[in-house]
Each structure stands twice: as C-alpha cells, then as structure tokens.
Amino acid sequence: MSDRIISEADMPFVNRELSWLRFNERVLEEACERENPPLERLKFLAITASNLDEFFMVRVAGLREQCRQGVKKRRPYGPSPQKQLKLIGAEVRRFMARQYTCLLRSILPALRKHGITVKKYAECSGGERRLLDTYYSRMVYPVLTPLAVDTSRPFPSLVNRSVNIAVRLHAGGSSEFALVQVPPVLPRLIPTAPGDGSFILIEDLICRHLDRLFPGRKIRSSALVRITRNGDLSIDEGAEDLMQEISKSIKKRKRGRPVRLELVRGCDDKTREFLRRRLGIKEQDIYELPGPLDLSGMMALATLPNRADLRLEPILPAEPTNLLGCRDLFEAIREHDRLVHHPYESFTCVTEFLRRAAEDPDVLAVKQTLYRVSGDSPIVRALERAAGNGKQVTVLVELKARFDEENNIHWARRLEQAGCHVIYGVEGLKTHCKILLVVRREGDTIRRYLHLGTGNYNDSTARLYTDLGLFTCREDYGEDAALLFNALTGSSGRITYRKFITAPDGMRRFFEEKIANEIRNAHSGRKSGITLKVNALSDAGIVRLLYEASCAGVPVRLIVRGICTLIPGVPEYSENIQVVSIVGQLLEHSRIYRFENGGDPQLYLGSADLMPRNLDRRVELIFPAEEEPVKKRLEAILALALADNVNARVMQPDGGYVLRCPDGEKKVNSQRLLSEIAHRQAKKHHNCTGCPDGRPIRNEED
C-alpha cells in the first residue's frame, strides 16, 4: 500500500465523449446479438440512433461552439476541442457503418424469415402498388409542400432531425434545386397490404411520385437528406419571465446551427455541394449512409403490435415486497422504512401514496420536485386533486430539464391553474433531486412522510428504468426535507442537514471525505472498500481520489452504465479497481453508494452521478439507508449486479469493454433474477395469506 498523491494532469483517463460512444457501442452489441429476438434487436438499434442524435445536438455542438470561440488549449485531462472532433468523427463513422451492417445484413433478413419485410416500391407487386398509389394520392400528396430554391425563394430552414428530399431539376444548361420535407405527421412505415407484415418507407413512396410535385419539369436526381442541429438551449435565467424565455429558446432549437448532414449513399456531387454550401457545413460533418435515414424511426416497427414472439418476454412489475399485506400506507411507513425497486416492483405504490395524500383530510401540505414526468401523468393528476381538496401544494417543476422543457412548461401551467404553488427551479442550477414530502396532522402532532428516489416521478419510464425509492417518516429525514424545500422555494444560506447530503454545497466534500476515510482504514489495517453504482463517472477530482484509494489498497468496485473516464487495471494507478457496465433489457438508472467503513458498511441512495454537473451545477440529493433490512436488500442488489455474466461488460485497461460470459458457469442475468425474486415474494405472500381483507396497496392502474 502507498500514500500516493496523483496529479489530474498525469492520471490515465478515457475522453468523456469517446467513453459515451463506447457506451452506445455496448447498446449496439445488444442489437447485433443474434440470441436476442429480432424486434428486440431493432429496438436497441433505434435507441442507438436516438442516442447518437442527442450526442450530436449537445456534445458535438458544444465542441463546435468552443472551436468557433477559438478555444485551443488542452484541458488538464482531455484533448483540445479540435482534436476531440477529429477523434469523434472517426469513431462515429465506424459506429454508423456497424449500425447499417446490423440492420441490412442481420436484422431485416431475420425479420423476413418471420414474415416482416421493409420493401422498396420497385419490389412491390402490381396490386400493392395500386394500394400505395391510392394512399399517396389521398393521404400523402395533399400534405407535401415542394420548396424551390432560386433568387426569389431562399433556401428553407430545414427542421432539426427531419428527413427531406433534395431534388435537382433540369433548367436549360444548369440545375435548379428544390426540397421536400417528409411529413412527420404521417406514419413512417406504410403497410403494402392490410395485415401481411410488409411495409414501405414513406420517403420511398414520395420519391416514386416526385413528378407529381414538379409537373412539366425534368428531375435529374433526388437524394434523401437529414440535418442535425445544435439542440442546447441558451437561456437568460435572469429574464423577467423564465417560462417565456425558455419557450423562445425551444423554438430556436429547431433552427440551431447545423452540426451533421446525413445523406443516403448515391447523392450526386452537384446536390451534395449545393447542400454543403447552403447549410454552411464542413465536409467532415457529412455522413453518407447505405440505408434509410433516421434509424430511430425504426422504433415504430420494433413496437409492432401482436408480435410478442419476436421480442423478449417483458419484465412486468410485481407488488412491492415491502408493502405486501399493508392496508394503510401511512401506517406501514410508521412501522419502518419501506424500500421499493422499480420496475421489478410496481411504481403504483408511489402514485397511490400521493393519491391517498390528496384525499386524506388529515394531510395539510404536499411538496414535490418534478424533473421529467410522463405524457398523461397520474402524479400531476394527484397533485391537482390535492390542491382541489384544499391542501397546500408546492411543486418545483424544473423547466430546464433538457429536451423536456416544452413538456414541463405544459405541466407547470396546468398545475398553476389547479391552484398549486409552482416554482421553476433555482437560478443557475438544475434541480435534479427526487423528493416528495407529505405533511400530515396526527392528533396533536405533525408528522412528515417522505418518498426519496433515485429516478424521476415518471410512471412510463418507471417500467423501463431500474430505480429505487424509500418511504420513510423518520423525524430527522422530515426536518431535512423541510429545510431543503425552504431552500428551494425561499432564500437561505448554507444549511446543515442531519441526514441529507446535497449538491452543490456539500456533496463533493461528502465523497472526498468518504474516500479519504476508506484510505485511512486501509492504511490502519481495518476493512476498507468502495462500491458505487451510477450512470456516469467523469469528474476528474473523484477519479483522482479513486486512483489514490486503489494505490492505498482499497478495493474499488464500480458499476457504471455509461460514461466512465476512469481506467481500471492500470499498473501503479488502478490495480485494485474493477469497472462493470450493465446493458440489458432494462436501463440501469439506480444510484447506490457503499463504503465499507471499517466493517460497519454505510449505504446511500440518491439522484447524483459522479460528474461535474451533478456535484457542482445541480441541486442533488443523497440520503442514507439506515434500517438493516433496507441495507441488506441493497447489498443483495449490488452483489447481483457484480455477479451478472449475461448483461455485464468489464472495462479493460485499454478502455475497451469485454462481455463477461458464463464460460460453463450458471448464467446470472441480474435483471431477470430481480424480477423473479419480486414475483416469487408476491406469490409466496398470497399463498400464505390467501389475500384476505388485508389486500396489498394498489389501485386500478396496476
């Protein structure tokens, strides 16, 4: 063991952007995995395309902006923006080539064997063409608007991520150009005949009938094009009306500066040069592709109804283990803390908690933070109901939640109309913590009931994302919750919490102290160890401390789904560090932080990943798990994640990932096992009790 001090400038690291691309490669591996059913594979492929769009809209756009501002200095732990863009370009081209190889040579042929085909118009029979031509005339043609580009008609502002058709027309001895947007209001996939599983892409149908859009003109060529624009909002948080300021910025996003131009392979040189000049885009930002543009649109085919045989068996939620047999949720929480694990256990317990609070005459106030909610949110309906019943309802709706700004503006207005007191976040910070506080009168006292979580109050994503929530009415937690909400809604200086750890004030210091304590324990011969389950690890200061812990002999186990700039297994830096990434049927989203603490392990849950934005630029919340049954359950979840040999990839000293295969051992699929455990517990309870009058807490939405 050594007491080594490591410099951030010299420590080994993986560039943040390249680490994210490697995460997307792990998702693509699921699309390429032939053991996965074909529609499941197509779903993963569509996810990789959607992920890549967001990567360009935010990360690449940010680097481009740095280049425009003349930023050339190499950061302490990363290359210059110019060098990063070169590395990204090369990686993305390789990645997109793999995407299309997977689609064209593997997934579509596999679907064809099961009677699902995506045809070209030319491959359709005479009867199919007649049906398609009729559909075009009735449904498509009336919606289309050809836009010529000449001296009197300027180049149109192509909508971000829209598929368009660039048309080159004959004009004497020269060329004229026009553009046609593929209408997003119509289905991307059109059945070639009712119920036969055969489809055609709408852009193929439009291309086949371009002559009707340009009567009397000779069409020299046409090409499908798609533009990706800068999607990061520039918001003046000091504006008098923040909601109006964000609404204006959302509109600008659709017309942001271009960062990527996608073309279907075969686009003629004159059309390509015309687009490049008019869009002001560099050659290095043009991507020629061998198949349909916008693979995220393939999600419509991946979710085709009545073909469950071509998808993985869904992981359906069971009744929460900790709430089985409980007739009254408030009484259950008073007995002891209740941990719930989604989506293995139903999220309905959270919506039911809020619904009952809305109806309970003894509930005086409800306070909640909302970052992302679903399209038809039962959470919002319950908050409205609570306000309608005379409760004092305060909701912090984070308007700056990226790509959910418009949705959140809608919910904020609706909650205000219902009589809720709505605030829009804290100036200069995003409020990312997940907390729900119910204040209830009980006799001559007031009791505070809490739900604290690792994920959003979103009933839709709660079926797809793994997250943890804790119900508690501990007095010290309740007092901390009151302090936190007062800080969010009012004005306060530095707050001393009894149990909560919050960012941006104390969370970085919390992790620094916890890691330092494990290093001291290792030096003194006491038990030491750090296990962290997060979505991302990219903060240079935390990475440096974890390297120092490794050098001191502290075993460090990291379960990091996405970005990880730390490199394990590097001699003299990280020989005691293991990094695992789990990419499977569900998206791993829960955050668990465990410290060995000399043989008396401390476990925490929270909303924060180990990134600079979480530690320094957001309102985040971490809270301890203190009751032994809760801690024991969290230990089991971590152990299963570390034992997974089906969904887990192990990071190598070169920064790459290797799928951890069973190699003759019993397969351990942590996601499936957690689902089976939840259902087994529920079944065991019902077999023992026969489900008498004490039915478990649930409602009609289960």
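In this structure, F500 and Y477 have perpendicular ring planes: the angle between them is above 60°, well past the 30° mark.
A salt bridge is absent between E313 and R311; no separation between the charged side-chain nitrogens and carboxylate oxygens falls under 4.0 Å. Using a 4.0 Å cut-off between charged side-chain N and carboxylate O, K631 and E628 make a salt bridge. Looking at E40 and K43, a side-chain N of the basic residue comes within less than 4.0 Å of a carboxylate O on the acidic one, giving a salt bridge. Between E512 and R509 there is no salt bridge, since no side-chain N of the basic residue sits under 4.0 Å from a carboxylate O of the acidic one. Looking at D360 and K391, no side-chain N of the basic residue comes within less than 4.0 Å of a carboxylate O on the acidic one, giving no salt bridge. The pair D467-K434 does not count as a salt bridge, with every side-chain nitrogen at least 4.0 angstrom from each carboxylate oxygen. Using a 4.0 Å cut-off between charged side-chain N and carboxylate O, E359 and R355 make no salt bridge.
In plain terms, the two heavy atoms of L429 and E398 that are nearest each other are O-OE1, 3.8 Å. Of all non-hydrogen atoms in N614 and D609, the two that sit nearest each other are CB-O, 3.1 Å. Smallest separation of non-hydrogen atoms from P601 and R594: CG-NH2, 3.2 Å. When all heavy atoms are compared, the tightest approach of R498 to D480 is N-OD1, 3.0 Å. Taking each heavy atom of H589 and N535 in turn, the nearest pair found is CA-OD1, 3.3 Å. Between C326 and A332, the shortest heavy-atom contact is SG-CB, 3.7 Å.
For F353 and Y449, the ring centers sit 6.0 Å or farther from each other.
Defined by atom type and a distance below 3.5 Å, a donor-acceptor pair is present between the side-chain atoms of E345 and T321.
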